[in-house]
Each structure stands twice: as structure tokens, then as C-alpha cells.
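A quick write-up on the structure given underneath.
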Amino acid sequence: MDALVAVYGVRPWNWHTRQPPFHVLVGTILSQRTRDEKTDLAARAVLERFPDPASLAAASLETVEALVRPANFYRTKARRLREAAAILCRRYGGRVPESLEELTALPGVGRKTANCVLVYGFGKAALPVDVHVHRIANRLGLVRTRTPEETERELWEIVPDRHRLLVNELLVKHGQTLCGPRNPRCVECPVNALCSAGSGGLKDEGRAQEARRGRNGRDSL
DNA sequence: AAAACGGGGGC
DNA sequence: GCCCCAGTTTT
């Protein structure tokens, strides 16, 4: 497992479809706006102590907060995790529901997290489109969309179904490494020539400055 | 459509 | 010091 982490960056909470849905749910909530390393620490800590919804729901908030500490938004996430676990016990007999609607009704679970559970937990066909996928797909000119949900639909149309998840993850990796929100490293980019957003980094200066002007602490295209 | 949540690591 | 982080919820 650690070798897989080292080589591919895969994590125990999402590394393939046999991972228990509850683990994926916990790990993915913890991963929101949080780097993989810190997500990993928090997810291992929580799941080792509370491997099922019943034990997590019964835990004290202080205990969960302490375990979730390495992740960002740890107070909010600890509260949501415990509430979600309680709902799983109360309404679903301690199981994780398998529909997008039921999942997004859980606290802390939006469209992206729900799709992660469907894909990595249940092996269903779904596309967890995050900010990276949304940004990169637009920069490359694969889609022209306003929201990640639109990007999700558009990618379904232009990528063959057997390749969608792979393409999705590759776009994430590209966004995490070379093609960040503010300063894309176009000179080093292997798909520079195919990109409609900037060639040779020229158009990037303009867009980077534009993004900087947009100033409210949030990410933008 | 913004703002709040929320804090450490990188440069 | 500013940028970045596999988002979601509330104003």
C-alpha cells in the first residue's frame, strides 16, 4: 500500500472500488479542500478508531475533532462526519445509500463527494468532477462550461465510457502539478500545443493577472 | 453570487 | 506575506 502511495499517490480511502463505501465517504469528506497527505493522516486515524457508522455516531465530538485535526475545517468536518454516521444508522440501517440524491442529502456531501462514493465505494459509473477537472478541461478546450456539474455532463459526451474515470483523474493530476489555478507552467507542459488557453505561456500572463484582479480569496479559471 | 469554514506548508 | 488546497453550506 505504501508503495502504491509513493508511486501513484493512491490512498487507502479511494485506491480502488473494493474499498468499503463508508471508508470512501469518510475519506472523501476529509479530503475537501485538503491536501492528500493531511487527508490520509486524518482518514487513517478516524477509520482505525471508528471503522463503522455506529461507532462513529456514538463517539464524542471532542474525540472526533482530535482525530480529524490534520485535515482542514476539522471542526466542521468532525461535526458533519458524526451527523452523517448517525443518519446512516437511523435511516439506512448502518449502510451507505447508493443513489446520488440520498448521498447528497447527507451533511457534508455535495455532488463531488457523492460521486466519489459511487465510483470508489460502489464501482458505479460516475464522474467526480472537482475544481481541477473543471479548470483544466476548460483551459484545454475540451469543454466550455460554467460549473463543475456542466463539465461533468460535457465530459460524459466527449469521452468514451471506459476512459472517463482515467481521464478525470489525469486532469486532476495535471491541475495539481503543472496547471495550477494562478500560475500554469506552460513552458514545461507536454500538451502545450494542444491547449487553447495559452501557448508558450504568453496568454497566461494576461489570464493570471485577470485572476489576481478577481481578488476574493477563491479559485478561478 | 459571495462569503464562511480553517490552517499549515511551500516559496 | 501570499498562494495553494480532489468542496459544501449558508447568506
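Within every chain, numbering begins at 1; the chains are lettered A, B, ... in the order of the sequence lines, protein sequences first and strands thereafter.
- For dC4(C), the OP1/OP2 oxygens have a side-chain nitrogen or oxygen of R182(A) closer than 4.0 Å.
- Atom P of nucleotide dG10(B) and atom CG of N72(A) are separated by 14 Å, given to the nearest angstrom.
- The nearest heavy atom of DNA chain C to P107(A) and to N168(A) marks one nucleotide each, and the one closer to the 5' end goes with N168(A).
- In this structure, a donor-acceptor pair under 3.5 Å is present between the side chains of N138(A) and T145(A).
- Checking the phosphate oxygens (OP1, OP2) of dC5(C), a side-chain nitrogen or oxygen of H132(A) falls inside 4.0 Å.
- Contact check, Q176(A) against dA6(C): a side-chain N or O comes under 4.0 Å of OP1 or OP2.
- For R33(A) against dC4(C), a side-chain-to-base donor-acceptor contact under 3.5 Å is absent.
- On the P atoms, dC11(B) is 15 Å away from dA6(C), given to the nearest whole Å.
- Using C1' as the reference atom, dC4(C) and dG6(B) are 13 Å apart when rounded to the nearest Å.
- At dG6(B), none of the side-chain N or O atoms of Y74(A) fall inside 4.0 Å of OP1 or OP2 (strictly under the cut-off).
- The shortest distance between the side-chain N/O atoms of T113(A) and the OP1/OP2 oxygens of dT8(C) is below 4.0 Å.
- If you check every strand for non-hydrogen atoms under 4.0 Å, V129(A) touches nothing.
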